[in-house]
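In what follows, a single structure is set out as structure tokens and then discussed.
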Amino acid sequence: VTEYKCRNVFRGETIPELKKKIKNIEKNKIIKLHNSGFTKTGLDNLLESLGVKEIVIIGINGNACVQDTAISALNRGYKVTISVGLTASAGRKDMEFSRRNKEWFLKNTKFFESPSILSSALKTVN
């Protein structure tokens with residue numbers, strides 16, 4: 001889990017449901033100061049130490065934080081999965097998945113149209 005801290009203020013805390021899921025995982029939260037979860041956070045080292053090759057990115061601001069993290073992950077050789085319904089834009093006018101960037105995600109990531117399809121796919125992963 002990454003949380004974005006901008007100008008010394010957190011921009012949204014992790015939801016309680018996710019906090020419960022990760023409470024027993026060591027090093028479960030990374031504070032980021034930039035859009036990408038990989039910029040100066042140690043996330044790459046952590047994932048590498050765990051042998052992670054593919055990541056699922058969910059979050060808010062699909063046209064900035066989520067996409068920048070996806071670009072950073074792809075540049076580091078990770079496979080990236082994204083799902084509509086688990087990713088939103090930050091603008092109040094369009095809290096749905098950022099349509100403007102959908103083409104990029106379709107071209108560069110494993111893309112699921114709904115969280116339920118993603119969930120079914122994840123259940124088949126070892």
Side-chain angles (χ1 to χ4, degrees):
V1 173
T2 62
E3 289 185 352
Y4 187 38
K5 189 174 185 181
C6 180
R7 296 185 192 111
N8 234 12
V9 175
F10 282 102
R11 302 295 183 189
E13 196 172 335
T14 302
I15 61 171
E17 293 85 351
L18 187 53
K19 281 183 178 182
K20 286 179 191 174
K21 295 279 186 187
I22 65 169
K23 73 178 179 181
N24 296 322
I25 300 173
E26 189 177 327
K27 297 180 182 178
N28 60 24
K29 183 170 32 173
I30 291 175
I31 306 302
K32 63 185 186 117
L33 303 175
H34 305 277
N35 281 345
S36 172
F38 286 92
T39 303
K40 299 180 182 180
T41 62
L43 178 59
D44 191 30
N45 292 334
L46 175 62
L47 296 175
E48 190 175 300
S49 74
L50 296 171
V52 173
K53 303 285 186 212
E54 183 169 352
I55 60 174
V56 177
I57 302 173
I58 63 175
I60 298 174
N61 211 349
N63 57 341
C65 292
V66 174
Q67 188 173 20
D68 287 356
T69 299
I71 290 167
S72 294
L74 291 166
N75 287 338
R76 287 166 171 79
Y78 295 97
K79 293 181 181 175
V80 176
T81 300
I82 302 286
S83 174
V84 173
L86 297 175
T87 306
S89 73
R92 292 198 182 274
K93 290 182 182 176
D94 179 22
M95 284 306 288
E96 297 299 319
F97 184 79
S98 177
R99 289 181 291 278
R100 181 172 64 116
N101 295 66
K102 185 175 179 179
E103 256 182 59
W104 183 90
F105 286 109
L106 282 168
K107 182 179 176 184
N108 294 287
T109 70
K110 191 184 294 182
F111 187 86
F112 291 89
E113 288 289 344
S114 76
S116 60
I117 297 171
L118 170 61
S119 178
S120 295
L122 291 175
K123 288 177 185 172
T124 64
V125 175
N126 291 331

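- Rounding to the nearest 0.5 Å places OG of Ser119 at 10.5 Å from CD1 of Ile117.
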Take Leu118 and Val56 through the test side-chain contact (heavy atoms from CB on, under 4.5 Å) and record every step on the way to the result.
-> CA-CA 9 Å; Leu118 170 61; Val56 177; 4.0 Å; yes

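- Under the 3.5 Å distance criterion, the side-chain polar atoms of Thr41 are matched with a main-chain donor or acceptor of Gly37.
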Decide side-chain contact (heavy atoms from CB on, under 4.5 Å) for Lys32 and Cys65; before the verdict, give the C-alpha distance in whole Å, the side-chain angles of both, and the deciding distance to 0.1 Å.
-> CA-CA 10 Å; Lys32 63 185 186 117; Cys65 292; 3.4 Å; yes

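- Contact check for Leu46 versus Ile30: side-chain heavy atoms found under the 4.5 Å cut-off.
- Taking the centre of each ring, Phe38 and Tyr78 come in below the 6.0 Å mark.
- Here the rule is side-chain contact (heavy atoms from CB on, under 4.5 Å) with Val80, and of Thr69, Ile71, Leu74 only Leu74 fits it.
- Residue Ile57 forms a side-chain contact (heavy atoms from CB on, under 4.5 Å) with just one option from Thr81, Thr2, Ile82, and that option is Ile82.
- To the nearest 0.5 Å, atoms NZ (Lys40) and NE2 (His34) are separated by 5.0 Å.
- Among Phe112, Phe105, Phe111, the one residue that satisfies the side-chain contact (heavy atoms from CB on, under 4.5 Å) test with Ser83 is Phe112.
- Comment: Glu48 does not engage Arg76 in a salt bridge, judged by the lack of any side-chain N to carboxylate O separation of less than 4.0 angstrom.
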